[in-house]
Amino acid sequence: MDVAAHPVEQHEAHDHIHPAPTGFIQKYVFSIDHKVIAIQYFVTGLLFMLIAGSFAELMRIQLWNPKGTFMDYHTFNQMFTMHGTVMVWLVLIPLVTGSLGNLVMPLQIGARDVAFPWLNMLSFWLIPVSGLILFSAFLLPDGAPAAGWTEYPPISIQQGTGGIFYCLAIIVVGISSTLTGLNFLVTIFKMRAPGMTWTRMPLFTWATFATALINLFATVALSAALLALLFAQAFNVPFFDPARGGSPILYQHMFWFYSHPAVYIFILPAFGVISEVLPTFARKTIFGYKMIAFSSLAIAILGFAVWAHHMFPSGIAPWLQIPFMILTYLIGIPTGIKIFSWMATLWGGRIQFTTPMMYALAFLGTFSFGGITGVYLACVPVDFHEHGSYFVVAHFHYVVGGGAVAAFFAGFYYWFPKATGRMLSEKMGHLSFWLFMIGLTGTFMPMHWLGLEGMPRRYASYEVFAKAFPDAVFWNRFESLSSSLMVLSVLLVAINIIVSLRSGRRAGNNPWGARTLEWMISSPAPYYNFKKIPIVLDKPYDFTQPLPYRNLDDEHQDPYPVPSEAALPRGATAAVGA
Amino acid sequence: MAVSAKARSSAFLERASVEARFHDVDPVYAETRDIRTLGFVLFLLADCILFSSFIFAYLYLRTSAPVWPPVVDGKQIEHLDVAFGAMNSIVLFGSGVTMHFALESWKNLKKAAFNFWIVLTIALGLGFLSGQAHEYLSAPMTWTGSSFGASFFTLTGLHGFHVFAGVVFLTVLAIQANRGVYTGSKYFGLVAGTLYWHFVDVIWVLLFFLFYLW
């Protein structure tokens, strides 16, 4: 045996720190540092959000008049298809799991990076590739995909080549997302700091763990569904063609088996963010730590058993509909456990109304609202009535806009100081919060009653409906005006970032007086994260106890952290804290 | 790579130091191997989902068809040739056995035996692939003609692609092993290759049952 051919480098296990790269390309472009990758995900996601948001605005302009003469109907179909596709796969997944998960999770478990940093870089770079494939479809003679973000056959097969680009783009995102899930799972299993047992893990990490499970297992099923659709479109393989023994319903099964859990890919990290933000700004221990942690897992597992509730009107067997209805109701239990635990966390706390806290508090309302209409839709007869209507649009946007996006902004305002070392402006933060929330309510609340009245979704014109329900014109114009507030809000976020990077106040290690591990190191975190790997003695959330860490790099860390001057509004000097 | 050493639990360090004393494994490598093994097993699990999605599709189409095999142009498709399929299966399963021997020889520091077994494994893998090629050319249906053909060619095609990737994988491993990349205590690549090859075998058991025996 040729043992000497490759001499073994003997490392001291504790002090193995790689030097930071110095070249621009290695440092900022093809970086393998999880913190830089998180920022790359964020910038990419925000850009795609502005593009997909402008598609939505174009649709709202179209719906200003019931006749809908702003664009032709085929363009409208492309707009709503691309809006959904881009928002789901190129905005929410990069922002929520890619950006927040990458930035925070390794820091929270006391690791120096994720398990496979190179794979992490690959995961990120697949996202812009996918975006290029998807957007290049606009150049095709038939235009971009136009069969809705779900791309149900047979319409998706009949529409021309756009669907092929859709399949390719989403398979690429699927691979990226699967690799991220794998990476995060291994990181959380194998790389937690000594003493960080499963029941001492911060709740955002718990949520990331549950999300990574879905990422790994469900996303492959999506790739399979789209591979089948790709074969059907490009090579005429009859998976979905009834004339040759296929079935269009089969695609819906394959698609929703992923895409229902996919909704939890956005919402579970959101739950994690809320579980971090609420105790920090209520200055109070999280209520029901274990219940919150395990209910994330319960949601992840139950989420795999409810997919057919998207298909009640598609003609699945009646004996299948009732079990799927009941299983869907069951998801309300772990979700309710979380909502009530968060409310109990707030009870008796000393609440500080910072921007992240505003988003988190609003989340409790908007997400619960969207969740309850979801329970309502899961009821088979109601779903038959509402499935093709704006009620579904309202429900979905409350869950995703008022849930995932609101919580993402909470996490963004909360961890921005950690990522950049600068504070964001609280004034602009509050303004963008109110713009977003008023815009969200104004846009999607009226859709509930429009849907109940029977306004069909995905229509480029609602002339017929407006004859039966004349108020529809007023409400649609109201929605169109309100939706622009959300665009202003996101633009304000971008301005806030630029101003903060130029002249924001220095954040210091721990501006919010939070207690999880990421706040025990400098902001922005050094390349190696932790010089000494910390030792964890307990859960992080008990504000009445000294910090449960030993071996921290910063030996002068106050055992009872309080919000710093930088986190308070200018001029305020009073000590706010535990 | 993520070789950056991260010493974590004290229990881990204890275990690693025991290994180091008795097996000459340095703790950093042991840890890296742990991380990579878990990563690779999770990759294989994810791959299982890929196959099971298409198997689900096949079961769905098959159980909802009025007759099986389906009727195309007024003629029922013939069953696949079970005898030939069984022979080809034996070739693939045999390669699983030889791969097991290859890894065991490496662990026991028998390099000549390792080379013999891994070359035999690669040859059997290629044999299976040529059997598949024959099967495709003489199949009683086409990819686009019926749901049977769609499922059969997609699933066995995916599997065949995995076998092909496995043959490439094992060839690279054989070359690396002979260049001295692996040592008596550091041979994660070979373990991964063996795991992958067994995985491909297990998938074939299912496919053989679904398409030939059922």
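A note on names: the letters A, B, ... follow the listed sequences, proteins ahead of strands, and every chain is numbered from 1. Here the structure is a predicted model, which is why all the values come from computation and not from measurement.
- Heavy atoms closer than 4.5 Å to chain A are found in both the backbone and the side chain of Phe43(B).
- Within 6.0 Å of CH2 on Trp214(B) lie more than 12 heavy atoms contributed by other residues, nucleotides or ligands.
- Both the backbone and the side chain of Ser247(A) have a heavy atom closer than 4.5 Å to some heavy atom of chain B.
- Ring pair Phe239(A)/Phe54(B) is tilted by interplanar angle, where 30° to 60° counts as tilted.
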So Arg244(A) and Thr144(B), side chain to side chain contact (heavy atoms under 4.5 Å, CB included) or not? Walk me through it. CA-CA 8 Å; Arg244(A) 286 174 287 164; Thr144(B) 55; 4.0 Å; yes
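- In terms of heavy-atom proximity, Leu216(A) sits nearest to Ala46(B) at CD1-CB, 3.8 Å.
- In terms of heavy-atom proximity, Ile49(B) sits nearest to Ala221(A) at CG2-N, 3.9 Å.
- Remark: Asn183(A) CG to Ile35(B) CD1 distance equals 10.0 Å, nearest 0.5 Å.
- Contacts between residues 55-64 of chain B and chain A, counted as heavy-atom pairs separated by less than 4.5 Å, involve Phe56(B), Ala57(B), Tyr60(B), Leu61(B).
- Interatomic distance, CZ of Phe217(A) versus SG of Cys48(B), reported as 9.0 Å (0.5 Å rounding).
- The contact between Phe235(A) and chain B is made by backbone and side chain atoms together, counting heavy-atom distances below 4.5 Å.
- Here Phe184(A) contributes atom CZ and Leu42(B) contributes atom CG; the two are 14.0 Å apart, rounded to the nearest 0.5 Å.
- The 12-atom threshold is exceeded at OH of Tyr152(A), counting heavy atoms of other residues, nucleotides or ligands nearer than 6.0 Å.
- Annotation for Gly245(A) and Ser147(B): closest pair O-CB, 3.3 Å, computed over non-hydrogen atoms.
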Donor-acceptor pairs are to be reported for all side-chain atoms of residues 65-81 of chain B against protein atoms at under 3.5 Å, with residues two or more places apart or in another chain.
{"unit_1": "Gln76(B)", "atom_1": "NE2", "unit_2": "Pro69(B)", "atom_2": "O", "d": "2.9"}
{"unit_1": "Asp81(B)", "atom_1": "OD1", "unit_2": "Ala83(B)", "atom_2": "N", "d": "3.2"}
{"unit_1": "Asp81(B)", "atom_1": "OD1", "unit_2": "Phe84(B)", "atom_2": "N", "d": "3.4"}

